[in-house]
Amino acid sequence: MEKKEQLYEGKAKKVYATDDPELLIVSYKDDATAFNGKKKGTIAGKGIINNEMSNRLMRKLEKAGVPTHYVEELNERETLVKKVQIVPLEVIVRNISTGSFCKRYGFPEGVVFDEPTVEYSYKNDELNDPLICESHVLAMKLTTRGELETIRTYALRVNEVLKEFWRSCGVTLVDFKLEFGRLPDGTIILADEISPDTSRLWDAETGKKLDKDRFRQDLGGVEDAYAEIMGRLKAQDHA
Ligand code: ATP
Ligand code: TYD
């Protein structure tokens with residue numbers, strides 16, 4: 001597979017064309033941002049960890065019936081993926097209250113929900129990715145009703161599979177963000193990444209944060225936390 005021109009440079013990844021119009025190469029960087037790009041930094045080795053973690057989790061999800069963009073890991077930072085038209089929604093699933101949920105509602109931190117919540121943000125940097133409800137998604141035709149149902153069903157399935165897997169690693173899956181896209185035939189698949197950048201992962205015993213909150217909140221030990229969560233995953237994932 002030949003890597004061609006760079007199509008996009010995002011905050012965490014670069015995206016390249018390939019000689020197959022249906023495939024892209026994503027390249028994971030060590031750059032870290034938070035608060036909509038206002039805080040910037042580097043987490044050494046993060047790109048390597050996020051690439052491998054996202055790929056392992058997507059292979060697991062494929063087996064569990066969630067279609068994903070994953071095709072093949074090319075090297076420690078680069079992966080071949082199916083090109084999609086990204087649905088401009090950040091799909092957020094929560095098992096425990098924290099982050100923007102607590103800030104927005106003045107709700108206490110650390111409450112375990114009876115049922116996971118699903119919410120959507122409209123992916124639009126100028127507007128700061130505002131929270132959006134289902135009827136507004138449909139009014140703006142960001143998705144069809146059927147697509148939104150599929151996205152919600154897949155997001156909850158991802159939660160079931162990953163919650164159980166992380167539990168087996170001694171890790172609590174608190175919340176996470178997903179992005180979906182459309183293949184040329186309209187099929188909805190999971191795209192982007194699943195990593196400690198896009199998930200909150202707490203040690204099940206101690207509650208220690210093993211994710212990007214260490215960077216967001218200047219807690220220190222960021223690189224060590226990424227290495228630790230990757231080690232936990234590898235010890236448990238024999239696929
Ligand atoms: P934004 O999502 O706002 O662009 P970002 O700059 O943080 O944020 P990165 O993760 O750095 O994004 O860049 C990856 C980009 O590639 C994102 O825009 C993401 O939506 C897009 N993307 C991810 N997977 C695919 C795919 N399979 N096909 C097409 N685009 C994809
Ligand atoms: P959330 O609590 O909404 O936001 P914040 O990080 O501002 O407190 O985040 C919920 C989960 O979704 C968390 O694991 C981080 C992830 N997420 C992203 O990866 N990207 C995003 O743009 C947003 C809003 C959340």
Nearest heavy-atom neighbours spanning Arg94 and Phe113 = O-CD1, 3.6 Å
Determine, stepwise, if the pair Thr79 / Leu74 fulfils side-chain contact (heavy atoms from CB on, under 4.5 Å).
-> CA-CA 5 Å; Thr79 295; Leu74 300 175; 5.8 Å; no
Using the side-chain contact (heavy atoms from CB on, under 4.5 Å) rule, take Val93 and Thr117 through it: C-alpha gap first, then chi angles, then the decisive distance, then the call.
-> CA-CA 5 Å; Val93 180; Thr117 68; over 6 Å; no
Would you call Lys208 and Asp203 a salt bridge, taking side-chain N to carboxylate O under 4.0 Å as the test?
-> no
Listed once per pair and sorted, the salt bridge (Lys or Arg N to Asp or Glu O under 4.0 Å) pairs that draw on residues 179-195, sequence neighbours left out | Lys13-Asp192, Lys13-Glu193, Lys123-Glu179, Glu147-Arg182, Lys177-Glu179, Lys177-Asp192
Asn95 and Asn159: side chain donor to acceptor below 3.5 Å | yes
Side chains of Asp197 and Tyr226: is there a donor and an acceptor less than 3.5 Å apart?
-> yes
Calculate, to the nearest 0.5 Å, the distance between atoms CH2 and CG belonging to Trp166 and Leu233 respectively.
-> 4.5 Å
Which heavy atom in Val158 sits nearest to a heavy atom in Leu61, and how many Å separate them?
-> CA-CD2, 3.8 Å
When you check the side-chain N and O atoms of Glu52 and Asn55, is any donor under 3.5 Å from an acceptor?
-> no
Atom pairs and distances, side-chain donor-acceptor, residues 23-33, under 3.5 Å, sequence neighbours left out:
residue : atom : partner : partner atom : Å
Lys29   : NZ   : Glu9    : OE2          : 2.7
Lys29   : NZ   : Gly10   : O            : 2.9
Lys29   : NZ   : Asp31   : OD2          : 3.3
Asp30   : OD1  : Lys46   : N            : 3.2
Asp30   : OD1  : Gly47   : N            : 2.8
Asp30   : OD1  : Arg77   : NH1          : 2.9
Asp30   : OD1  : Arg77   : NH2          : 3.3
Asp30   : OD2  : Gly45   : N            : 3.1
Asp30   : OD2  : Arg77   : NH2          : 3.2

With a 4.0 Å cut-off, would you call Arg232 and Glu228 a salt bridge?
-> yes
Hey, are Arg200 and Asp211 close enough for a salt bridge, meaning a charged N less than 4.0 Å from a carboxylate O?
-> no
Phe215 ring centre to Lys39 NZ or CZ under 6.0 Å, with the angle to the axis within 45°?
-> yes
When Ile, Leu, Val, Met, Phe, Trp and Tyr are grouped by side-chain heavy atoms lying under 4.5 Å apart, directly or through other members, which residues fall in the same group as Val112?
-> Ile96, Val174, Trp202
Salt-bridged, Glu164 to Arg167, with N to O below 4.0 Å?
-> yes
